[in-house]
Engineer: 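Below: one structure in structure tokens.
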Amino acid sequence: MSDGQADIGVLGLGTMGANLALNIAENGFKVAVHNRTTSKAFALRDDNPGIGDNVLPTETLEEFVSALKAPRLVLFMVPAGKLVDDEMARVTPLLSPGDVMIDAGNADFNDTVRRSTAVEATGLHFVGMGVSGGELGARHGPSIMVGGARETYPLLEPILAKIAAKYEGEPCVAWLGPDGAGHFVKTIHNGIEYADMQMIAEIYGIMRDGIGLEPAAMAKIFIDWNTRGLASYLIEITAVTLAETDPETSRPMVDVIVDEAGQKGTGRWAVIEAQKLGVGATTIEAAVSARGVSSHRGEREKASALYRDVEIETSRFGDEADDIAEMEQALETAKIIAYAQGYATMAAASEEYGWNLPLGEIARIWRAGCIIRSRFLDDIAKAYDAGSVVNLLQAADFVARVAAAQMALRQVVAKAALVGIPVPALSAALAYFDDYRRARGTTNLTQAQRDLFGAHTFRRLDKDGVFHHRWPAV
Ligand code: NDP
């Protein structure tokens with residue numbers, strides 16, 4: 001295959017691929033593009049005057065690969081799963097040793113490890129790269145989490161550093177580790193995103209059903225919160241969505257939207273991987289489950305009728321200003337706990353797979369471009385920079401913050417429970433915190449039960465070794 005002039009090729013011109021290709025082109029790189037529907041490749045060039053000069057549309061895969069400079073960088077941006085394997089199989093015979101295939105979709109990291117092993121054995125390279133920021137991020141600056149063969153990073157870095165989001169001038173991109181490291185980190189990013197969004201929705205639920213606020217009034221509160229500790233993209237867009245009016249009915253937009261949330265799988269993967277690693281990512285799990293429950297709307301409507309008359313307290317939320325201040329503190333505290341769980345999952349994976357994940361660097365590249373971007377991530381980066389962190393809940397700054405605000409979380413969860421407003425992620429955060437800070441837990445009883453019914457043995461507090469007790473026959 002002859003050498004072409006394009007710096008990189010993008011295969012798959014959907015929402016993400018097209019925008020990423022334009023971002024690359026706008027930053028002065030020549031990008032060859034290819035798509036199943038080839039007209040999209042030509043439209044990308046023709047519909048974007050100026051930028052389009054750097055876009056090289058191609059009709060066939062052969063044309064696409066020959067348009068690339070060696071070593072060739074082929075970036076796949078197609079839906080995760082078998083399609084990635086199929087597209088890679090079509091491209092592989094056209095490549096030469098040293099060329100790099102980059103899967104920039106939301107892959108299951110287990111697939112990335114498998115692909116990485118298979119591809120590296122052939123003399124080609126494979127990079128699993130998480131890209132966050134949605135459509136706008138892809139177009140103007142995403143956060144990019146790179147995993148794969150270390151030696152490929154110098155080839156990618158000049159392009160990625162230009163197209164990535166910048167936080168105070170620093171590009172939000174880094175090589176995070178071999179094989180599946182980048183996609184694993186992206187999965188946990190999305191898991192944290194699920195938890196963050198669910199906890200915001202729970203606070204919205206209290207504002208709506210516990211206090212009786214209108215969306216426009218809530219929007220003002222979120223705008224205010226966005227000036228302090230909670231300042232983040234998700235809080236900002238919450239205010240925007242709450243302030244929006246439906247042009248058809250003139251009602252608040254959120255009031256006409258069906259309460260059934262979709263999911264594509266990354267939140268579920270995060271929970272599964274946390275479970276496999278023995279880490280309690282309970283806020284993420286609560287968020288994934290809440291989306292599942294939300295999808296059974298008809299069933300919920302029937303249950304609502306069945307339990308209409310159960311005894312619950314009618315009012316626990318009193319003074320509005322105090323309640324709002326308490327909720328702000330509660331959300332901040334629960335957010336710290338959710339991030340602690342996400343980071344604990346990454347730390348465990350790093351240990352298990354020998355990745356040596358740079359946890360502080362991960363916080364740094366999440367500060368801009370991605371959906372969970374926030375000032376708060378700068379605090380996490382500083383905590384990791386200050387020294388080794390076992391769990392964020394043990395980092396000095398966070399210990400002080402959680403200790404000062406945990407009562408607000410307790411109050412909000414307790415009041416919500418009494419008036420029957422579900423707060424699964426907020427209460428999961430509180431339960432995890434109480435479990436985590438308790439020196440003497442209750443699994444001594446679990447161990448006793450296990451030893452009784454299955455002779456699973458236990459360890460004793462007063463001496464070393466493993467013991468089995470002759471329990472009375474039951
Ligand atoms: P889209 O659905 O917008 O685009 C899919 C692309 O894949 C199109 O180019 C489409 O071609 C191509 N494609 C689909 N099916 C086939 C097939 N059978 N054979 C060949 N080509 C096919 O997806 P997105 O751009 O939204 O997502 C791409 C990846 O990025 C996914 O892994 C997603 O999870 C991830 N991602 C998405 C984000 C988002 O906000 N959308 C954010 C971060 C990551 P054609 O034009 O011919 O249909």
Side-chain angles (χ1 to χ4, degrees), residues 9-24 31-47 55 57-61 64-65 74-92 94 101-112 115 126-147 160 163-165 172-173 180 182-194 196-197 233-234 237 261-270 291 365-366 368-373:
V10 174
L11 191 156
L13 299 174
T15 310
M16 294 298 283
N19 283 293
L20 210 58
L22 286 178
N23 185 353
I24 293 169
V31 55
V33 291
H34 187 69
N35 196 49
R36 174 179 62 175
T37 313
T38 46
S39 56
K40 285 193 194 168
F42 289 88
L44 202 67
R45 178 193 63 191
D46 300 338
D47 297 348
V55 176
T58 57
E59 298 250 14
T60 65
L61 265 189
F64 171 65
V65 173
V74 181
L75 186 148
F76 297 80
M77 203 35 136
V78 294
K82 187 174 170 300
L83 186 56
V84 175
D85 290 311
D86 292 348
E87 294 298 283
M88 283 172 59
R90 287 189 334 121
V91 172
T92 300
L94 306 173
M101 289 193 276
I102 305 142
D103 177 14
N106 275 339
D108 179 334
F109 95 101
N110 294 292
D111 286 337
T112 305
R115 288 176 186 135
F126 186 72
V127 167
M129 185 171 106
V131 178
S132 178
E135 185 175 2
L136 279 178
R139 177 66 184 85
H140 300 293
S143 168
I144 307 175
M145 295 144 255
V146 187
L160 300 182
I163 67 166
C172 292
V173 55
H183 276 143
F184 188 92
V185 171
K186 175 68 189 341
T187 297
I188 299 304
H189 165 283
N190 285 26
I192 292 173
E193 176 187 311
Y194 269 60
D196 219 339
M197 291 173 71
Y233 173 71
L234 283 173
I237 65 164
Q263 53 179 314
K264 283 191 178 166
T266 45
R268 185 170 58 235
W269 292 343
R291 288 199 195 186
I365 64 168
W366 285 352
C370 66
I371 303 297
I372 62 170
R373 61 185 179 260

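In each ligand, atom 1 is the first atom listed, and ligand 1 is the first ligand listed.
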Engineer: Give the numbers and elements of all ligand 1 atoms closer than 4.0 Å to a heavy atom of Gly12.
Structural biologist: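 Answer for ligand 1: 9 (O).
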Engineer: Are Phe64 and Val74 packed together at the side-chain level, in the sense that at least one heavy-atom pair is separated by less than 4.5 angstrom?
Structural biologist: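 Phe64 vs Val74: side chains touch.
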Engineer: Checking Asp196 against Tyr233 for the side-chain contact (heavy atoms from CB on, under 4.5 Å) test, could you report, in this order, the C-alpha distance in whole Å, the side-chain angles of both residues, the deciding distance, and whether it holds?
Structural biologist: CA-CA 11 Å; Asp196 219 339; Tyr233 173 71; over 6 Å; no
Engineer: Taking 4.0 angstrom as the limit and counting only heavy atoms of Lys40, give me the atoms of ligand 1 inside it, by number and element.
Structural biologist: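 Counting atoms of ligand 1 from 1, those under 4.0 Å from Lys40 are 45 (P), 46 (O), 48 (O).
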Engineer: Which atoms of ligand 1 sit under 4.0 Å from any heavy atom of Val131?
Structural biologist: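 Counting from 1, the qualifying ligand atoms are 43 (C), 44 (C).
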Engineer: Considering only protein heavy atoms, which is closest to atom 37 (C) of ligand 1, and at what distance to one decimal place?
Structural biologist: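 Nearest neighbour among protein heavy atoms for atom 37 (C) of ligand 1, to 0.1 Å: Met16 CG, 3.3 Å.
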Engineer: Of the non-hydrogen atoms in Thr187 and Trp269, which two are nearest, and what is the gap between them?
Structural biologist: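 Minimum heavy-atom separation between Thr187 and Trp269: CG2-CB, 3.7 Å.
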Engineer: Do Leu20 and Val31 have side-chain heavy atoms sitting under 4.5 Å apart?
Structural biologist: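 A side-chain contact under 4.5 Å is absent here.
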Engineer: Specify the closest pair of heavy atoms between Leu11 and Val78, including all atoms of both residues, with the distance to one decimal.
Structural biologist: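 The pair with the smallest heavy-atom distance is O-CG1, 4.0 Å.
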Engineer: Answer yes or no: is there a side-chain heavy-atom contact under 4.5 Å between Asp111 and Val84?
Structural biologist: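 They are not in side-chain contact.
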Engineer: Determine the minimum heavy-atom distance between Val55 and Pro57, stating which atoms define it.
Structural biologist: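 Closest approach of Val55 to Pro57, heavy atoms only: O-CD, 3.3 Å.
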Engineer: Which residue holds the protein heavy atom closest to atom 21 (N) of ligand 1, what is that atom called, and what is the gap in Å?
Structural biologist: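 Atom 21 (N) of ligand 1 sits closest to the protein heavy atom Arg36 CB, 3.7 Å.
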Engineer: Return the residue, atom name and 0.1 Å-rounded distance of the protein heavy atom closest to atom 30 (O) of ligand 1.
Structural biologist: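 Answer for atom 30 (O) of ligand 1: Met77 SD, 3.5 Å.
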Engineer: Any atoms of ligand 1 less than 4.0 Å from a non-hydrogen atom of Thr37? List them with their elements.
Structural biologist: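 Selected atoms, number and element: 45 (P), 46 (O), 47 (O).
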Engineer: Which is closest to atom 7 (O) of ligand 1 by heavy-atom distance: Ala138, Gly137, Pro79?
Structural biologist: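 Among Ala138, Gly137, Pro79, the closest heavy atom to atom 7 (O) of ligand 1 comes from Pro79.
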Engineer: Considering the heavy atoms of Leu13, write down every atom of ligand 1 situated less than 4.0 Å from one of them.
Structural biologist: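 Checking each atom against Leu13, I get 9 (O).
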Engineer: Less than 4.5 Å apart, any side-chain heavy atom of Asn106 and any of Lys264?
Structural biologist: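 Not touching, per the 4.5 Å side-chain cut-off.
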Engineer: Please name the pair of heavy atoms, one in His189 and one in Met145, separated by the smallest distance, quoted to 0.1 Å.
Structural biologist: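 Closest heavy-atom pair between His189 and Met145: CB-SD, 4.5 Å.
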Engineer: To the nearest 0.1 Å, how far is atom 3 (O) of ligand 1 from its closest protein heavy atom, and which atom is that?
Structural biologist: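 Among all protein heavy atoms, the one nearest atom 3 (O) of ligand 1 is Thr15 N, 2.9 Å.
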Engineer: Does ligand 1 have any atom sitting under 4.0 Å from a heavy atom of Ala80?
Structural biologist: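 Per 4.0 Å heavy-atom rule, Ala80 contacts ligand 1.
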Engineer: Within a distance under 4.0 Å of any heavy atom of Gly134, pick out the atoms of ligand 1 and give their elements.
Structural biologist: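 Those atoms are 40 (O).
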Engineer: Using a distance threshold of 4.0 Å (strictly less than), state whether atom 47 (O) of ligand 1 has a protein heavy-atom neighbour.
Structural biologist: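 Yes, at least one protein heavy atom sits under 4.0 Å from atom 47 (O) of ligand 1.
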Engineer: I want to confirm something. Looking only at heavy atoms, which of Asn19, Leu83, Asn106, Leu20 is nearest to atom 33 (C) of ligand 1?
Structural biologist: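 When every heavy atom of Asn19, Leu83, Asn106, Leu20 is considered, Asn106 comes closest to atom 33 (C) of ligand 1.
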Engineer: To check your reading of the model: name the closest protein heavy atom to atom 10 (C) of ligand 1, its residue, and the distance in Å.
Structural biologist: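 Here the nearest protein heavy atom works out to Asn35 OD1, 4.1 Å.
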Engineer: Any idea which protein heavy atom is nearest atom 12 (C) of ligand 1, and the distance to it?
Structural biologist: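 So the nearest neighbour among protein heavy atoms is Val78 CG1, 4.1 Å.
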Engineer: Return the minimal non-hydrogen interatomic distance between Glu59 and His34, and the atom names on each side.
Structural biologist: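 Looking at all heavy atoms of both residues, the closest pair is O-CE1, 3.2 Å.
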Engineer: If you measure every N or O of Gly14 against every N or O of ligand 1, does any of those distances drop under 3.5 Å?
Structural biologist: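 Gly14 vs ligand 1: N/O contact under 3.5 Å present.
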Engineer: Quick check against the 3.5 Å criterion: does Asn23 have a side-chain atom that pairs as donor or acceptor with the backbone of Asn19?
Structural biologist: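 Answer holds: no.
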Engineer: Below 4.0 angstrom from a heavy atom of Gly105, which ligand 1 atoms are there? Numbered from 1 as shown, please.
Structural biologist: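 Numbered from 1, ligand 1 contributes 29 (C), 30 (O), 32 (O).
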